[in-house]
Protein chains: 2
Amino acid sequence: MTTPEEQSPLWIDAETTVAARPADHKMELRLWLRLLSCSRLIENDIRRHLNAEFDFSLPRFDILAQLDRADAGLVLGEVSKRLMVSAGNITSLVEGLVKSGHITRTTSSGDRRAQVIRLTDKGRREFRRMAKVHGDWIARYFEHLSQKDIDKLMDLLASLKDSTRETILARQQP
Amino acid sequence: MTTPEEQSPLWIDAETTVAARPADHKMELRLWLRLLSCSRLIENDIRRHLNAEFDFSLPRFDILAQLDRADAGLVLGEVSKRLMVSAGNITSLVEGLVKSGHITRTTSSGDRRAQVIRLTDKGRREFRRMAKVHGDWIARYFEHLSQKDIDKLMDLLASLKDSTRETILARQQP
DNA sequence: CGCCGATAGTTTAATTCTAAAATAATCGCT
DNA sequence: AGCGATTATTTTAGAATTAAACTATCGGCG
């Protein structure tokens, strides 16, 4: 409680835990920034590749990727949720993908508010072609990590995702 | 090294390593998607908060954050590099921050091409006020993780960043 | 049935972002 | 000194993004 911070005071005992430290949160901030920079580094590189080699944008690719796993198609809201982007954003991307012939869009039979989108044959063909190369790029970002590190990272990120979700939820219902 | 992937084919022996496996790269792809979703989850939440509580945008906040650590100010290119966003993007954000009185911008004395930006008193004051709360938000995303997990995650993300950089560099010079 | 709150999408306005071309200044050489 | 390559930034055109207001539909309940 009375503890000075980041200078690593050696006299901190085992009871002086995270919660008991003063609220500087320097460690967590650094962790977040590190996470963000990994993410941007990779995302930017993927975007550049996709543009350069296939003349295709990353958000468009992301939508096709969601659809490739969903044979029955997906409702727009579901796509929005999975990609974690706003609903309004999906509308125009979908419009473009319909126009370019990669997907179809139909009103759900059960619910006339809902729009279901599906890959066309062309869409699936082109997505698969890109996805093959895309998988190779991705794997290379991790190629200097051991399998053990990769497994551990998987675990930790799963925990982080859970932790974050919980935190966000908790704040919405006090 | 010997780890089977998610279908757990028990017959894969110890020699069937990453390199020897067929090039599906499923594991790496999942890892990347998990990293991305942690990142977006947190980033979106921070953005919402900053907007709701301070009526300030995340990219603007990010620029102030860089400047708060740099008393001598920063050259635009350096800001662009650190935030990993394109140079053209910085130009207009800086313009806005100058207009709102949070930063100043002067031509570098040594190099008339370069523009140096610095926090104004107002900018520093307002940034610090926001940063205090911001630090608290961030810490909460990690609050369900042990200190050990946080440390491990720090390590692994550092390795990943290195690995990724190496991969990206290697591709540019064959 | 008929209203009412919730849900699915779209629209709108404004911001953020990128890639690529243009501008301007510096640096390294000869 | 001056030329050519490099570097720092700006401009441009267009895509992606969000929040918030709006429209249409659904589902439940009196």
Side-chain angles (χ1 to χ4, degrees), chain A residues 36 39-64 73-100 102-103 105-117, chain B residues 36 39-64 73-100 102-103 105-117:
Chain A
L36 185 60
S39 185
R40 285 202 181 159
L41 201 54
I42 295 178
E43 189 168 359
N44 288 343
D45 198 57
I46 294 174
R47 192 203 332 281
R48 272 190 294 272
H49 268 265
L50 220 43
N51 280 334
E53 299 182 24
F54 298 111
D55 192 32
F56 211 82
S57 81
L58 182 51
R60 283 162 59 87
F61 180 86
D62 286 342
I63 292 181
L64 298 192
L74 286 175
V75 157
L76 293 197
E78 188 55 30
V79 176
S80 164
K81 228 175 280 173
R82 293 198 192 180
L83 298 180
M84 290 190 267
V85 298
S86 67
N89 190 13
I90 298 293
T91 299
S92 58
L93 285 167
V94 161
E95 194 177 52
L97 286 167
V98 169
K99 196 170 297 181
S100 63
H102 292 91
I103 65 176
R105 162 196 162 131
T106 51
T107 299
S108 161
S109 53
D111 182 344
R112 271 180 305 171
R113 292 169 306 178
Q115 304 289 312
V116 179
I117 56 177
Chain B
L36 184 61
S39 185
R40 286 201 180 162
L41 201 53
I42 295 178
E43 188 169 359
N44 287 344
D45 198 57
I46 293 174
R47 191 203 330 282
R48 271 191 295 270
H49 267 265
L50 221 43
N51 280 335
E53 299 183 22
F54 299 110
D55 192 31
F56 212 81
S57 82
L58 183 52
R60 283 162 60 86
F61 179 87
D62 286 341
I63 291 181
L64 299 192
L74 286 175
V75 156
L76 294 198
E78 187 57 29
V79 177
S80 163
K81 227 176 280 172
R82 293 197 192 180
L83 298 179
M84 290 189 266
V85 299
S86 67
N89 190 13
I90 300 292
T91 299
S92 58
L93 286 168
V94 162
E95 193 176 53
L97 286 166
V98 169
K99 196 170 296 179
S100 63
H102 292 90
I103 66 175
R105 162 196 162 131
T106 53
T107 299
S108 160
S109 53
D111 183 344
R112 272 180 303 170
R113 291 170 304 180
Q115 303 290 312
V116 179
I117 56 177

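Letters A, B, ... are given to chains in the order of the sequence lines, protein chains preceding strands, and every chain is numbered from 1.
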I'd like a table of donor-acceptor pairs (distance under 3.5 Å, sequence neighbours excluded) in which one partner is a side-chain atom from residues 55-64 of chain B, with atom names and distances.
unit_1, atom_1, unit_2, atom_2, d
B:Ser57, OG, B:Arg60, N, 3.4
B:Arg60, NH2, B:Ser100, OG, 3.2

Rounded to whole Å, how long is the line connecting atom [atom1] of [X] with atom [atom2] of [N]?
X: A:Gln115; N: D:dT25; atom1: CD; atom2: P; answer: 11 Å
X: A:Lys99; N: D:dA15; atom1: NZ; atom2: P; answer: 11 Å
X: A:Phe56; N: D:dA15; atom1: CZ; atom2: P; answer: 14 Å
X: B:His49; N: D:dT18; atom1: NE2; atom2: P; answer: 16 Å

Checking D:dA8, D:dT10, C:dG9 against the side chain of B:Leu76 (C-beta onward), the nearest is D:dT10
* Asked: Does B:Arg40 reach the main-chain N or O of A:Leu83 with its side chain, forming a donor-acceptor pair under 3.5 Å?
  -> yes
Any heavy-atom pair between the side chains of [Y] and [X] that's under 4.5 Å?
X: B:Gln115; Y: B:Val75; answer: no
X: B:Val116; Y: B:Arg105; answer: no
X: A:Asp45; Y: A:Leu41; answer: no

Does a side-chain N or O of A:Arg113 approach OP1 or OP2 of D:dG27 to a distance below 4.0 Å, or not? no
C:dA8, OP1 or OP2 - any side-chain N/O from A:Arg112 closer than 4.0 Å? no
Taking for B:Asp111 and for A:Arg105 the nucleotide of DNA chain C with the nearest heavy atom, the one nearer the 5' end belongs to A:Arg105
Assess the side chains of A:Asn44 and A:Arg47: does a donor N or O sit below 3.5 Å from an acceptor N or O? yes
Nucleotide by nucleotide, nucleotides 13-23 of chain C touches protein heavy atoms under 4.0 Å in the pattern (B base, S sugar-phosphate only, - none) ---SBBS----
